[in-house]
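Index from 1, following the sequence.
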Amino acid sequence: MSALSEKATAPSTKESFDSSDERSEEEQLLLKSQIEVPHVNVTFFSLFRFGKKSEIFVLILGILCSAAQGAAFPTTTILYGNLTDEFARLFLSSNANINDFQDTINEYGLYFVYIGIGALVTSTIGTFVTLYFGELFSNRIRVQYLRSSLYQNIGFYDSNGSGEITNRIICDTNLIQKAISEKVAVITSGVAAMLAAINVSLAVSWKLALVLLAPFFTTFIVAGLFSKQLGKSMVKATAVLGTAGTSSEEAISTVRNAHAFGLQSRLAAKYEQYVNKGAQFHMLAGCFFGLLMGCIWFVNFNTYALGFWEGSRLLDWGEFPIHSIITAVFSMMMASMMLGQTAIHFRDIKLGVAAGKSIFTTIERESCVDASKNSGYKPSDLKGEIEFKNVRFAYPSRPSVTVLNDLSLAVHPGETVALVGPSGSGKSTIVGILERFYIPLSGQVLIDGRDISTLNVRWLRQQLALVSQEPTLFSTTVFENIAHGLIGTELESVPLEKKTELIHDAARLANAYDFIMELPEGFQTNVGERGFLMSGGQKQRIAIARAIVSNPKILLLDEATSALDTESEGIVQDALDKASKSRTTIVIAHRLSTIKDADNIVVMKEGSVVEAGTHQELLLKKGSYSAMVNAQSIRSNLTQASPVDQGPVLLDDETDFDKETNSSADKNADRMIVSTQRASISSARVKQLQNAINRNKAYTLYQIFYKLAKMNEPEKWLLVLGFCFAVITGGGYPTMAVFLGHLVSALSSPDKAVMRHDINFWTGMFFMLGCIELVAYFMLNALMNYVAQRLVTRCRILCFNSIMRQDVSFFDKEENSTGSLSSTLSKDGEDLQGLSGNTLANLVSSLVTLVAGCVLGLSLNWKLALVCISCVPVLMFCGFMRVYTIKLIEQKAQTVYEDSSKAACEASNAIRTVVSLTREDEIVKMYAARLDKQFKEDISGNFRSALTYGLSCSLTFFVIALGFWWGGTLMGRDEISINHFFTTFMAIVFGTQVSAMVFSYSTDMVKGRAAACNIFSLLNSKPTIDAESDEGIKLDDCKGDIDFVDVHFRYPTRPEVPVLRGLNLSVKKGQYVALVGTSGCGKSTTIALIESFYRPQSGEVRLDGIDISKMNVKSYRSHIALVQQEPTLYSGSIRENILYGTEEDPETVTEERLIEACRKANIYDFIMSLPEGFETLCGSKGSLLSGGQKQRIAIARALIRDPKILLLDEATSALDSESEKVVQEAIDEAAKGRTTIAVAHRLSTIKNADIIYVFKHGVIAESGTHDELLALDGQYAATIALQSLEDA
């Protein structure tokens, strides 16, 4: 396809438009509309937008239950005040009735029990409801995001790589789910407790309450200020990490190219740059969060100081009794405490809203070409007449470059029109416009006299059948892949028997039936991710069958037979010729043999038509077409006497001895058709591969924390300092209990002077404690967040390096798909924070609070302390049970989310195929079904989690009841003082409450553990062929002699299928050797073995007489350059992509050397014609360039390497005839003095080779020069005859 998409930032896009002065305002608006995204304001409530009214109503009821549970806490302060009053009377009265006192204590104890039971019920309901609807709503967001992404116009993908979309649907939606699930219940409970506490305080002592509201509202102001800054930092971090996801996906999906050129370190540096920048924003957010928490606790402790100081004055003046003072102060203390505890979870809300902004921006975006809408005309009958009238076109990502310039073209119904011309002349752009991938700047495109802009988009695409140069299959059976061609037609819903007949007929027509039936499970054989279990030719034939199965009115063939071997091509071409007779067909061709019988051949150049006519007419004109024909000549002596027939016998532009493409899938399938042996993997084997967990080793918590500590070793002193601050923050609660005990005791003093003196002293101590906690909380969060981000960044970089270090066979496995590995980098990297940073700090702080409180209680009154402590294990057990149930849920969900991420990644990667097949709804339905199944399975687990969480919360009330009852009993016996009772009781009770809050982090901890296991398993995966190893022989001087000695090879993922069966061949220094043969015979496998991508099972591959398995891989590959059939470029400038070919520092490469490589590859003039020259962006995976342009840049990248060995795996396959001839001459020149091995489908490119090896069944069938092989009159000569443009 021609230039398609670009990973460009908004500023650069704007600059592109600004520099496009020749465009009218209307044209600029049209171009902008194809790529611009709306500004969306997302609030927390926006995250619930997909809930139905009835669901929102039930959710509100659940939230009210959480609010009721939270409001139960402040009611205990009334009991505190009344009990304190009872204690004071007992303490001050010498003749108090002990029995009456005990009865009162028993009564209040029962009140606590009743409140606890109510909290159990309401907490369970509230938590379950929020868990239930949180997962339900987040699943709907996932589905809507995927749906919206798939229905965006193709221009949207110019600024959003498929990796970014995958990252959003995996990582960002998880953040949203966390924000709207149980966190809602926790926050609601906290807020309700806070408001109820304020109301209680106002009711019992309004003057004191009003005084205490001043610092309380100060907390709100501080929280709002720092929360705003926190949110801004998180939005920036999310955006940068989304770009990092695109970068990683691009690198992983092109890993073979990275291995060939040793690009691992450069791509890692690029990825590292993004993740480091994202980490910086996260660190800044950590500082704001630390300031937020520190200020909250500073205000809280000073609220206590102010409350008791002012309360003592009101008590001294006789305005309020002691129980009112105690109740008011404790209520405001509780309000402040709940604000502090709730603020911790607001971070998750901020993260969810920040993630929602990215998600909803896509969901809200209205595509300028929206196939989801039912608008537009749907003709009842289609003739198939196509007309382009004065069409001007420019890609929205490169608005200053006009691709089509006033193009006019007419295609009559039933006519076959062929488009030929140089690469970048606009041929594939015509297909893109017909499919409504883009909108032309001016002019009209008509079908049956109607402008296609007035037709229903979905209907239009269902009338067009497209077969692209690079076919895309989906991870399902052969049957289902062909059946995708029936979507939207009347045949889609026919009975299975009829559908099977249609699919079998289409397969026969595409010459695919025989090889499909050779597969172990025939049409039910799974083709693997992106069809990786099929060879290139097999994928192309299945794609052709998919296109013709519905008998479409209009057939678009964009190099449809490019991946077929000569024999198959002839049969398929005959089938396509027959199929074309009853329909309108547009053929884009480099192989002129495929279009010689076309009704009209249109020659294009620079976006305009330069010639048109039949084959014979154009030959007589002696113009551009005739020159292309001559450029493809194999033998000048195979000409005819007739003037009309004086065109030479031609090799078709890209004749395929079918290409095993260099993707892992295709490599595995070299092996699919060679013999009668069944050469495909079975569905059972595919399932086995999908369930394989070779790298998913289980680790104990000790092992995980030990490994994480080792990874955090550079920050070990910061970690130690952070834990010191965690101890200080944890010690704040027990210290506060001591101060509270003295303050309550002081209020009970009959001597007012002593009371005022003691109150002044202990409130001063509270102020000091507040200052210490301010510093401690800020330092704790800033340090631990920094340490966590360094750990996460380090893990991401190490994982990326580990992925890029793996040998090629690692990526052949189903479980190591691009989507799965990208998920490890994004989602697992994010989840790892559950075992680091703030989570660990809060665990340590809570542990200190609990232990210090217990020790303090035991030291003051062991009888009371032991009773209170006895309840702590029960509380801990409930918390652990909740962790366990959530772990089970996570384990179940992991598989579904990974599978769904693969489906989303596959769909976004193949977006053009998806939309041309109108598969959007089907993909969305499949994705939604997976999520719905998991959701239903999670219901029972969620309820168990909610119940255990409710128990952990309600047990606090039972502990309070038991504590007050037993403390009152001891006080009645005169075994404990008021001071010691309150100090012991508050220290242990606060400790148990903190323990209950810690378990709200259990979800993060479970996810963190799973993420750590995935990460460590990946890091421990050792490659068999290690390009980073220093071991092996290093060749300083490479001659270039290559020998295969009795090489037997089978692909690791397909051990039952032999590919090379005793291969022997020899290539001497400086020779130009060509490898030809039918599809699956082992040509590209030979290239892969030379590149040291795999190791043979037996035999040796030697370089200069040395077995390459004994050589240093990096040193060995430095002498080799590879140019593949499907060129791989990276996002970045043209300069960067060419300089990827050299292992030198790019800064040291001279401009002259760069220009020389480009001139040799016939790309220099094109580069200079671009507005930004060498600095022009290539787009994600080179998507802004046509196939030929990408190929020439790839050739320049190889030539600048100045290799001793040049491997050309169909290096000129994507070039037009004129460019091919020039580039071939450059390659011939570049091959001098170095060993060159070329895999050839176009035999014209290798007719001058020193030796041509003809492969068959994994061995050499024939060898010799071009003329020698013709004289043999064997397989090679037969192929030449099939490739003749004219009948001899």
> What do the steps show when you test Thr913 against Arg546 for side chain to side chain contact (heavy atoms under 4.5 Å, CB included), and what is the final call?
Replying inline: CA-CA 11 Å; Thr913 303; Arg546 179 176 65 192; 3.8 Å; yes
> Will you find, in the side chains of Gln144 and Ser148, an N or O donor that is under 3.5 Å from an N or O acceptor?
Replying inline: no
> Can you tell me if Asn456 and Arg461 form a side-chain donor-acceptor pair at under 3.5 Å?
Replying inline: no
> Which residue, Met926, Lys925, Glu920, forms the side chain to side chain contact (heavy atoms under 4.5 Å, CB included) with Glu922?
Replying inline: Met926
> Considering all heavy atoms of both residues, which atom of Ala506 and which atom of Ala545 are nearest to each other, and what is their separation?
Replying inline: CB-O, 3.5 Å
>> Any donor-acceptor pair under 3.5 Å linking the side-chain atoms of Arg365 with those of Asn153?
In response: yes
> Donor-acceptor pair, Asn481 side chain versus Phe474 backbone, under 3.5 Å?
Replying inline: yes
> Is there a side chain to side chain contact (heavy atoms under 4.5 Å, CB included) between Leu555 and Leu557 once you walk through the steps?
Replying inline: CA-CA 6 Å; Leu555 190 60; Leu557 306 174; 3.7 Å; yes
>> Among Leu464, Ile554, Leu382, exactly one meets side chain to side chain contact (heavy atoms under 4.5 Å, CB included) together with Thr584. Which residue is that?
In response: Ile554
> Could you give the distance from CD1 (Ile503) to NE2 (His484), rounded to the nearest 0.5 Å?
Replying inline: 9.5 Å
> What distance do Leu455 atom CG and Leu460 atom CG have between them, rounded to the nearest 0.5 Å?
Replying inline: 6.0 Å
>> Would you compute the distance between atom OG of Ser826 and atom CG of Asp172 and round it to the nearest 0.5 angstrom?
In response: 9.0 Å
> For the side chain of Arg168 and the backbone of Ile359, is there at least one donor-acceptor N/O pair under 3.5 Å apart?
Replying inline: no
> Rounded to the nearest 0.5 Å, what separation is found between the CZ atom of Phe1093 and the CD1 atom of Ile1087?
Replying inline: 10.0 Å
> What orientation do Phe523 and Tyr513 show, parallel under 30°, tilted 30 to 60°, or perpendicular over 60°?
Replying inline: tilted
> Hey, are Arg256 and Asp812 close enough for a salt bridge, meaning a charged N less than 4.0 Å from a carboxylate O?
Replying inline: yes
> Can you check whether Glu497's main-chain N or O pairs, donor with acceptor, with Glu501's side chain at less than 3.5 Å?
Replying inline: no
>> To check you understand the geometry: which heavy-atom pair defines the closest contact between Ala251 and Phe800, and what is its length?
In response: CB-CZ, 3.6 Å
>> Rounded at 0.5 Å granularity, tell me how far NZ in Lys539 sits from CD1 in Ile544.
In response: 13.5 Å
> If you take all heavy atoms of Gly1077 and Lys1083, which pair is closest and at what distance?
Replying inline: O-NZ, 3.3 Å
>> Testing the basics here: between Leu473 and Ala543, what is the closest heavy-atom pair and its distance to 0.1 Å?
In response: CD2-N, 4.4 Å
>> Run Ile176 and Tyr145 through side chain to side chain contact (heavy atoms under 4.5 Å, CB included) and show every step you take.
In response: CA-CA 12 Å; Ile176 292 174; Tyr145 176 73; over 6 Å; no
>> Would Arg458 and Tyr151 count as a side chain to side chain contact (heavy atoms under 4.5 Å, CB included) here? Give the steps.
In response: CA-CA 10 Å; Arg458 190 175 183 83; Tyr151 275 117; 3.2 Å; yes
>> For Thr525 versus Leu519, what's the shortest heavy-atom pair and its separation?
In response: OG1-CB, 3.4 Å
> What pair of heavy atoms forms the shortest contact from Ala547 to Val467, and how long is it?
Replying inline: CB-CG2, 3.3 Å
>> I want to check something: taking the side chain as every heavy atom from C-beta on, are Phe437 and Val431 in contact at a cut-off of under 4.5 Å?
In response: no
